[in-house]
Amino acid sequence: MEVQGLMTLPRFIIEEEKKHPEATGELSALLSELALAAKIISLEVNKAGLVDILGLANAVNVHGEDVKKLDMYAHHTIVKAMDHGGHLCVMASEEEEGIIPIPAHRKNGKYVMLFDPLDGSSNIDANVSIGTIFSIYRRVSPDGMPGTMEDLLQVGTEQVVAGYIVYGSSTIFVYTAGEGVHGFTLDPAVGEFLLSHHNIKVPEKANIYSINEGNYKYWHQGLKDYIKYLQAAEDEGRKPYSARYIGSMVADIHRNLLYGGIFMYPRDKRSPNGKLRLMYECNPMAFILEQAGGRAINGKKRIMEIKPEKLHQRVPIYIGSKNAVDTVEYYLRKAEEEGNGEDEE
Ligand code: AHM
Ligand code: MG
């Protein structure tokens with residue numbers, strides 16, 4: 001689509017849907033509802049330092065981690081914005097252990113949504129970027145009925161739409177519906193997301209690596225070798241990569257998507273499945289990066305081909321520019337062939 005003039009997110013989605021005569025407009029409506037939730041969360045994030053919303057909510061989430069108040073605010077805002085529209089039949093959130101049904105008196109729609117309401121929440125108190133991540137599938141259970149676990153536990157390749165919202169120096173909504181990746185920046189004065197990044201492609205040449213290097217001593221050999229390779233000195237004929245790690249997956253991946261780089265949350269000797277969740281974090285980000293020309297793997301296979309077993313399942317992830325992911329895959333395989341693989345150690 002050739003973009004002319006001011007393009008708002010709802011107008012863009014409608015224009016995109018027109019390419020598909022069979023489209024019912026439901027997806028547009030669904031994304032507009034989500035954009036509204038994002039605006040409300042953005043407003044709250046921006047005033048987080050001003051109101052008594054910082055600090056712990058005296059609760060732990062299903063992963064045993066502290067839940068900050070703003071996480072819960074974001075969770076409830078999304079549920080409220082999405083459960084009445086008649087487009088979804090079930091939801092799941094990183095902040096809730098079980099499935100989130102659609103209220104009994106409401107219509108059950110044909111889509112399913114999984115989301116991480118506020119990722120990177122340990123950064124909230126420090127004014128550092130945080131984000132929302134979402135993933136939408138078509139239901140597989142019979143129409144009209146409440147959605148089921150089977151609707152939620154679909155393989156990532158079945159995603160219809162995925163995206164994220166970064167609440168940073170500005171608020172940006174990035175999504176893919178399988179036809180490229182597009183970014184919309186919130187104009188706070190107008191209250192609209194305006195197209196700012198059309199058809200994003202991740203640079204092939206990566207210069208940045210993002211990983212929690214504090215875990216070095218728990219890493220397996222292949223990863224240690226790869227990071228050493230990235231830190232090569234100029235006399236080896238290559239420039240070293242820059243290390244950049246915010247600790248907010250959404251912001252780290254967004255930066256690497258724009259500048260070229262690799263983000264990793266590996267498995268290590270303490271955490272055999274890494275930290276990040278397949279359904280809420282890894283699949284949607286993998287869909288975005290693949291659509292932008294990059295790759296996302298768990299070390300051995302494509303993230304989007306992992307068959308999910310449970311809602312809150314964790315997986316290791318290596319995601320970013322294609323060449324960089326190819327190279328880490330090579331180092332992991334090499335270590336395995338040399339008897340230093342992750343399973344051997
Ligand atoms: P959260 O969902 O509890 O916010 O945790 C996920 C976050 C990611 O955004 C980030 O990449 C990762 O945790 C950072 O973890 P660590 O502090 O172990 O490096
Ligand atoms: Mg998260």
Side-chain angles (χ1 to χ4, degrees), residues 9 34-61 63-78 81 93-95 115-134 163-175 183-194 196-197 200 207-215 242-259 261-265 275-277 280-281 284-285 288 317 319-320:
L9 175 62
L34 193 58
L36 174 64
K39 287 182 209 170
I40 297 170
I41 298 169
S42 175
L43 206 65
E44 206 62 23
V45 167
N46 287 339
K47 64 182 190 200
L50 299 172
V51 290
D52 183 28
I53 202 163
L54 294 182
L56 302 182
N58 295 327
V60 287
N61 72 9
H63 310 287
E65 303 151 336
D66 291 333
V67 175
K68 305 266 180 172
K69 277 185 186 168
L70 212 48
D71 303 32
M72 285 155 70
Y73 179 85
H75 168 85
H76 292 303
T77 301
I78 295 174
S93 160
E94 194 190 290
E95 295 299 342
F115 60 96
D116 182 351
L118 211 54
D119 184 67
S121 44
S122 67
N123 283 319
I124 293 173
D125 292 4
N127 258 7
V128 174
S129 299
I130 43 185
T132 297
I133 314 172
F134 64 93
Y164 60 79
I165 300 109
V166 188
Y167 312 101
S169 50
S170 53
T171 296
I172 179 164
F173 188 118
V174 175
Y175 88 99
F184 301 79
T185 303
L186 181 62
D187 180 335
V190 189
E192 283 282 9
F193 282 104
L194 302 174
S196 50
H197 299 70
I200 304 171
N207 294 310
I208 297 171
Y209 73 96
S210 311
I211 189 167
N212 186 343
E213 218 150 347
N215 294 329
S242 293
R244 296 281 184 275
Y245 190 70
I246 299 170
S248 271
M249 182 201 206
V250 187
D252 275 313
I253 292 187
H254 180 65
R255 180 205 50 237
N256 292 1
L257 173 66
L258 298 181
Y259 297 172
I262 180 166
F263 171 90
M264 294 163 273
Y265 212 106
K275 174 181 182 187
L276 301 176
R277 290 81 175 178
Y280 309 109
E281 293 160 330
M285 287 305 194
I288 298 258
I317 185 166
I319 181 169

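Since the model is a prediction, treat every value here as computed from it, not as a measurement.
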Residue pair Asp252, Tyr245: steps toward the side chain to side chain contact (heavy atoms under 4.5 Å, CB included) verdict
CA-CA 6 Å; Asp252 275 313; Tyr245 190 70; 3.9 Å; yes
Nearest heavy-atom neighbours spanning Ser248 and Gly120:
OG-CA, 3.6 Å
Assess whether side chain to side chain contact (heavy atoms under 4.5 Å, CB included) is satisfied between Ile165 and Val250, documenting all intermediate values.
CA-CA 8 Å; Ile165 300 109; Val250 187; over 6 Å; no
If you measure from CZ on Phe193 to NZ on Lys39, what distance do you get to the nearest 0.5 Å?
6.5 Å
Separation between CD of Glu95 and OG of Ser121, rounded to the nearest 0.5 Å
6.5 Å
Of all heavy-atom pairs linking Thr132 and Ile41, the shortest is OG1-CD1, 4.3 Å
Taking the side chain from Asn123 and the backbone from Ile130, do they hold a donor-acceptor pair closer than 3.5 Å?
no
At their closest point, which heavy atom of Ile200 faces which heavy atom of Gly183, and how far apart are they?
CD1-N, 4.1 Å
Nearest-0.5 Å distance that lies between atom CD1 in Ile40 and atom OG1 in Thr77
6.0 Å
Measure the CG-CE distance between Asn256 and Met264 for me, rounded to the nearest 0.5 Å.
9.0 Å
May I ask you to test the Ser42-Leu186 pair for a side-chain heavy-atom distance under 4.5 Å?
yes
So, does Lys275 use its side chain to make a donor-acceptor pair with the main chain of Tyr265 at under 3.5 Å?
no
Closest heavy-atom pair, Ser129 versus Val166, reported as atoms and distance to 0.1 Å, is CB-CG1, 4.1 Å
Donor-acceptor pair, distance only, cut-off 3.5 Å: does the side chain of Asp119 make one with the backbone of Ile133?
no
Heavy atoms of Ala251 and Ile246 approach each other most closely as CB-CD1, 3.6 Å
Heavy atoms, side chains only, cut-off 4.5 Å: are Tyr164 and Tyr175 in contact?
no
Consider only side-chain N and O atoms of Ser242 and Tyr209, and report whether a donor and an acceptor are under 3.5 Å apart.
no
Please report the interatomic distance CZ(Phe115) to CG(Leu34), rounded to the nearest 0.5 Å.
9.0 Å
Looking at every non-hydrogen atom in both residues, tell me the closest pair between Ser210 and Arg255 and how far apart they are.
OG-NH2, 2.9 Å
Kindly say whether Tyr167 contributes a backbone atom to a donor-acceptor pair with the side chain of Thr171 at under 3.5 angstrom?
no
Using side-chain heavy atoms (C-beta onward) and a distance below 4.5 Å, is Leu118 in contact with His75?
no
Do Arg244 and Ile208 have side chains that get closer than 4.5 Å, going by heavy atoms?
yes
The reported gap from CD1 in Ile253 to CD1 in Ile317 (rounded to nearest 0.5 angstrom) is 5.5 Å
Decide yes or no for Met249 and Leu276: does some side-chain heavy atom of the first lie under 4.5 Å from some side-chain heavy atom of the second?
yes
Do the non-hydrogen side-chain atoms of Ser93 and Asp116 ever get within less than 4.5 Å of each other?
no
Once you measure the plane-to-plane angle for Phe173 and Phe134, does it fall in the parallel (<30°), tilted (30-60°) or perpendicular (>60°) bin?
tilted
Within the 4.5 Å heavy-atom criterion, are Val174 and His197 side-chain neighbours or not?
no
